[in-house]
Number of protein chains: 2
Amino acid sequence: MNYDEAKNKFISTWGSLGTLWGINKAMAQIHALLLISPEPLSMEDIMEQLQISRGNTSMNLRQLMDWGIVFKENKMGERKEYFTSEKDVQELARQIAKERSRRELQPTIKILNDVSNIEEDGTSKTKELIKQTKALHEMASNLDIMMTKVVGQDQNWVTKALIKLIK
Amino acid sequence: MNYDEAKNKFISTWGSLGTLWGINKAMAQIHALLLISPEPLSMEDIMEQLQISRGNTSMNLRQLMDWGIVFKENKMGERKEYFTSEKDVQELARQIAKERSRRELQPTIKILNDVSNIEEDGTSKTKELIKQTKALHEMASNLDIMMTKVVGQDQNWVTKALIKLIK
DNA sequence: TTTTTATTTCAATATTTTTTGAAAGTTTAA
DNA sequence: TTAAACTTTCAAAAAATATTGAAATAAAAA
């Protein structure tokens, strides 16, 4: 496998993986491209390399910046904007975990809490609803703690310790 | 909030959360419904409660069974098939983690490994590709270990210990 | 066997999501 | 100013995905 094959394979894998996790293909591919690019890229560069339209590129770059994993850069003397990705994968994971927690997990936890606190009326269906949503609430809360705290902690203690602990 | 409101809220939340994680709405809603139902439900029951077609119900029930989180049950003397969900949320999480690992994470890890093993040619772009895919490979491998081993281990040691460790 | 009850399949349809591209907007340079 | 370089917006089009429903299949009862 040569460089170009490897690069394309990586970008397309990352792209289809993205859709599987609720991030669209273009967004995931732009991110992949920036992640492995040693130099910042302009919108033109990205459009050309991924064969996507200007509008698409603009919108998805914006979203990546909203996620806090892609940044604008200006080259002196140049009007054009350039973009780079967060290059430290540990920090990348931390940022993604933080955002997914904020956008999905925390709202869900809130709803599970509301639902599990309805009034007990003695019927089995109410009992079951309360029981299951309480259990999900506890699990989601634990997951939230893990996601926002474990990931991105210094690699050399929690993660490594944990993995040793379990192997 | 009364029972019906709470139930609907739970089902629709679970449904829209599903799409965000690569599981379609109907599938997630069927699962939610079964999860809080004290009794097994027939296809008719599900169709009626969620207002979805027979074909849709059949296909998504099949997928849920493929995921190993919904089971067929037969009531004696009855021809109809009934369905239940895995009720233990810990076991549910373990099963989902296992399947996602098998379907997504492991194939990705394999590709990251292939890509990160291309021949070093001294150029900065090749260096960067190798460096980043190696880092992602390591992270994905760690995540895979965590997902398949930590989750679903007896609640009262790993998870609790971990959470205490980090708080 | 034939009929009845229930489930599955899949082409057609509907819905949702993504992408495009051109017009409008913005910013710097002339 | 006006022009040039570049970016954003958004309605329309395209693509991807989910859903329907009726015909085919299966399995049990009459």
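No experiment lies behind these values; they were computed from the predicted model shown.
Put simply, NZ on B/Lys80 is 17 Å from C1' on C/dT8, counting in whole angstrom units. In this structure, the CG atom of B/Asn74 is 18 Å from the P atom of C/dT5, given to the nearest Å. In this structure, CD of A/Glu44 is placed 14 Å from C1' of C/dG21, rounded to the nearest angstrom. Rounded to whole Å, atom P of D/dT8 lies 13 Å from atom CG of A/Leu64. Rounded to an integer number of Å, the gap from A/Ile23 CD1 to D/dA16 C1' is 18 Å. Following rounding to the nearest Å, A/Met47 (CE) and D/dT8 (C1') show an atom-to-atom distance of 13 Å. Atom CE in A/Met59 sits about 17 Å away from atom P in C/dA24, given to the nearest Å. Atoms OH (A/Tyr82) and C1' (D/dT7) sit 14 Å apart, rounded to a whole Å.
Side-chain atoms of A/Arg79 and base atoms of D/dA4 include a donor and an acceptor less than 3.5 Å apart.
For the pair B/Arg62 and B/Glu78, both in contact range of DNA chain C, the more 5′-proximal nearest nucleotide belongs to B/Glu78. Comparing B/Ser53 and A/Thr19 against DNA chain D, the residue whose closest nucleotide sits nearer the 5' end is A/Thr19. Closest-nucleotide positions on DNA chain D for A/Lys25 and A/Gly55 were compared, and the one nearer the 5' end corresponds to A/Gly55.
B/Leu20 has its side chain out of reach of A/Trp21: every pair of non-hydrogen atoms, C-beta onward, lies at least 4.5 Å apart.
Within the 4.0 angstrom heavy-atom criterion, only backbone atoms of the sugar-phosphate kind lie near B/Glu81; the bases stay farther away.
Between A/Lys87 and B/Glu128 there is a salt bridge, since a side-chain N of the basic residue sits under 4.0 Å from a carboxylate O of the acidic one.
Remark: the B/Gln132 side chain and the B/Lys127 side chain contain no N/O donor-acceptor pair separated by less than 3.5 Å.
A/Ala28 pairs by the side chain to side chain contact (heavy atoms under 4.5 Å, CB included) definition with A/Ile23, not counting sequence neighbours.
The main-chain N or O of B/Ala97 is never found under 3.5 Å from a side-chain atom of B/Ser101 such that the two would form a donor-acceptor pair. With hydrogens and angles disregarded, a donor-acceptor distance shorter than 3.5 Å links the side chain of B/Glu5 to the backbone of B/Asn2.
When the side-chain nitrogen and oxygen atoms of A/Asn24 are compared with OP1 and OP2 of C/dT19, one or more of them lie within a distance under 4.0 Å. Here A/Asn56 does not reach the OP1 or OP2 of C/dG21: none of its side-chain N or O atoms lies under 4.0 Å away.
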Close N or O pairs between protein and nucleotides 12-15 of chain D (under 3.5 Å):
none

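The side-chain tip of B/Arg62 does not point at the ring of B/Trp67 from less than 6.0 angstrom away and within 45° of straight on.
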